[in-house]
Amino acid sequence: MDVKPRPRPVNFAISMNNTEGHDDDGNMPDKSYQSLVRIKSQNADNIYDVLLHEEATSRSTEKNKLKNGNTTTWKILALLFCMSTVILGGAVAYLSAKILSVRSDLRLSAGKNQTGLDQDLTCKCNQTLIDPCRRSPCKNNGVCTENGYDYKCDCPKGFSASDCHETPCDNFPCKHQGRCENIGSGRNCNCKEGYTGKDCEETPCSGSPCKNGGFCSNRGSIYHCTCPLGTSGINCDNISCGFPEYRRNVLNQKTCNISPCLKDWIFNIATFSCYWIDIRKARWNSANKICQSKGASLAFIQSLEEIKWLEQFINENVWVGGRAANKQYRWQSSEYNYAIHNQSNLWTQNEPGSFNRHYCVQLGKRTESFLLDDTACYYEKRFICKTTNLPGI
């Protein structure tokens, strides 16, 4: 550590005003006096050096003491840690030895009991056994009996569980939102309207009211039957005569009791339509009015297969529902009001020949089959009515 030098003290042995070495009278001092002054000045310098040395030595000593003090503290802490480790290890060793000693005594005692030694040892308990039924653990009038250190409940009829807490209604026995009511040891289900039975298990559909494969669904307190094709009625018990193949192959019914068409009308399952074949003859306008009075119109033809099916009922030219309008032919039916394309395969060869508004469409007989043909509307012919509205379905 650097010691900052102090300013030397001023030697006042010589007067500050006597700079040339004269005395107060103006005379020169003698040599002995000058020597004395030099000696005093030298001694003062030596004393100052000694003081600086002692101050530096004192600071160094204090620094060494502080350093030695920190070292001593760490040594003490290390010593304490070592002592605690030794004490803890000794305690663990003592406890381990104690546990082994107790286990050894237990084995020895067990060995003596097995060999018939010390059989006269008995335990005397001062505590009185508590009656397990004292706190009345059995619910709903169940009878409690002692069963060793435990109890047993004899539950009345309709109640269950170890303490008889389960009632007849706890298992939700009532079906279809029926309300359960405990009555004594039994119960009663209050069923919704349309549902019956002890547990309300019988629904409006339980008696299978839908016939002929009809699907039954519960709708509140009533049932509803969704009937398959060819059947109708509330219970699907009306079998249509218009579906012979379906009736025989699917419904397994040989007989029928209802037709999808009105009396004297003919049903075609391919077009799902009813046909009226009139034996009277009339002009096209009159024939169409007769068909409309029956809830139908003059027939509209949609395929060669339909014409082929109609051939079994006719043997001469008949009116159908086409008529010329705006240089084209259209089917004049509220159910099927479409144009008849000029290139359709339903036309006879080279037809239609005229688009006169007074021309109408007929089924004309040709060598092999009937096809569409145009002719004047004032001719009287037999006619065919057609409708897709099936009154019997």
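- Disulfide check for C225/C236 fails, with the SG atoms at least 2.5 Å apart.
- The ring of Y275 has its center no closer than 6.0 angstrom to the ring center of F267.
- Looking at N337 and W331, their side chains never come closer than 4.5 Å, going by heavy atoms from C-beta outward.
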key: side-chain contact (heavy atoms from CB on, under 4.5 Å) evaluation trace for D373 with R366   = CA-CA 10 Å; D373 188 10; R366 296 295 179 263; 2.9 Å; yes
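- The main-chain N or O of V320 is found under 3.5 Å from a side-chain atom of W284 such that the two form a donor-acceptor pair.
- Checked for salt-bridge contact, E311 and K308 meet the test: a charged N lies under 4.0 Å from a carboxylate O.
- I234 and I222 are assigned to two separate hydrophobic clusters, defined by single-linkage of ILVMFWY side chains at heavy-atom distances under 4.5 Å.
- A side-chain N or O of T387 and one of E335 form a donor-acceptor pair less than 3.5 Å apart.
- At least one donor-acceptor pair closer than 3.5 Å links the side chain of S273 to the backbone N or O of T271.
- The closest donor-acceptor contact from the side chain of R330 to the backbone of A324 lies at 3.5 Å or more, if one exists at all.
- Between C360 and C377, the sulfur-to-sulfur (SG-SG) separation falls under 2.5 Å.
- Between A161 and C155, the shortest heavy-atom contact is O-SG, 3.6 Å.
- Put simply, the side chain of K175 does not reach to within 4.5 Å of the side chain of K192, judged on heavy atoms.
- Within the 4.5 Å cutoff, the side chain of C291 has no heavy atoms near those of the K289 side chain.
- Counting heavy atoms from C-beta outward, P132 and E146 have side chains that approach closer than 4.5 Å.
- Looking only at distances, no side-chain donor or acceptor of T203 sits under 3.5 Å from a matching main-chain atom of Y195.
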request  = Report the C-alpha separation of N285 and R323 in whole Å, then their side-chain angles, then the decisive distance to 0.1 Å, and conclude whether the side chain to side chain donor-acceptor pair (under 3.5 Å) test is met.
outcome  = CA-CA 10 Å; N285 287 336; R323 182 164 185 167; 2.6 Å; yes
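- Residues W265 and I277 fail the side-chain proximity criterion, which asks for heavy atoms closer than 4.5 Å.
- Cluster annotation: I340 is not connected to F383 through the hydrophobic network of ILVMFWY side chains, with a link wherever side-chain heavy atoms come within less than 4.5 Å.
- Cysteines C227 and C210 keep their SG atoms at least 2.5 Å away from one another.
- Taking the ring centroids of F313 and W276, they lie at or beyond the 6.0 Å cut-off.
- For OH of Y151, the number of neighbouring non-hydrogen atoms (other residues, nucleotides, ligands) closer than 6.0 Å is greater than 12.
- A salt bridge links E316 with R382: the closest approach of a Lys/Arg side-chain nitrogen to an acidic carboxylate oxygen falls below 4.0 angstrom.
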key: disulfide bond (SG atoms under 2.5 Å apart) assessment of C200 paired with C189   = CA-CA 7 Å; C200 307; C189 286; 4.8 Å; no
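- You'll find the side chain of K281 stays beyond 4.5 Å of the side chain of K381, heavy atoms only.
- If you check the side chains of R179 and N188, you find no donor sitting under 3.5 Å from an acceptor.
- A donor-acceptor pair under 3.5 Å is formed between the side chain of E201 and the backbone N or O of D199.
- Sulfur-sulfur distance for C174 and C169: not below 2.5 Å, with no disulfide indicated.
- When the shell of 6.0 Å around CD of Q312 is examined, it contains more than 12 heavy atoms from other residues, nucleotides or ligands.
- Both tests pass for K386 against the ring of F300: distance under 6.0 Å to the centre and angle within 45° of the axis.
- Cys pair C153 and C138 passes the test of SG atoms under 2.5 Å apart.
- For the pair N268 (side chain) and W309 (backbone), a donor-acceptor distance under 3.5 Å is absent.
- The main-chain N or O of W347 is never found under 3.5 Å from a side-chain atom of E351 such that the two would form a donor-acceptor pair.
- L371 is listed as a side-chain neighbour of L304, based on a closest heavy-atom distance under 4.5 Å.
- Contact record, S297 with Q332: CB-O, 4.4 Å, taken as the closest heavy-atom pair.
- In summary, the side chains of T375 and Q362 do not present any donor paired with an acceptor at a separation below 3.5 Å, with no hydrogens or angles considered.
- Checking side-chain atoms of D374 against main-chain N and O of V361 turns up no donor-acceptor pair under 3.5 Å.
- The closest side-chain donor-acceptor pair between S160 and E166 falls under 3.5 angstrom.
- Using a 4.5 Å cut-off on side-chain heavy atoms (C-beta onward), I384 and L310 make contact.
- Here the shortest heavy-atom pairing between S303 and L346 reads C-CD2, 3.7 Å.
- Under a 3.5 Å cut-off, the side chain of N317 and the backbone N or O of K365 do form a donor-acceptor pair.
- Cluster membership for I290 and Y378, using ILVMFWY side-chain heavy atoms within less than 4.5 angstrom, is shared.
- K294 and D264 are not joined by a salt bridge, as no carboxylate oxygen comes within less than 4.0 angstrom of a charged side-chain nitrogen.
- Counting only distance, with no hydrogens or angles, the side chain of N218 and the backbone of Y223 share no donor-acceptor pair below 3.5 Å.
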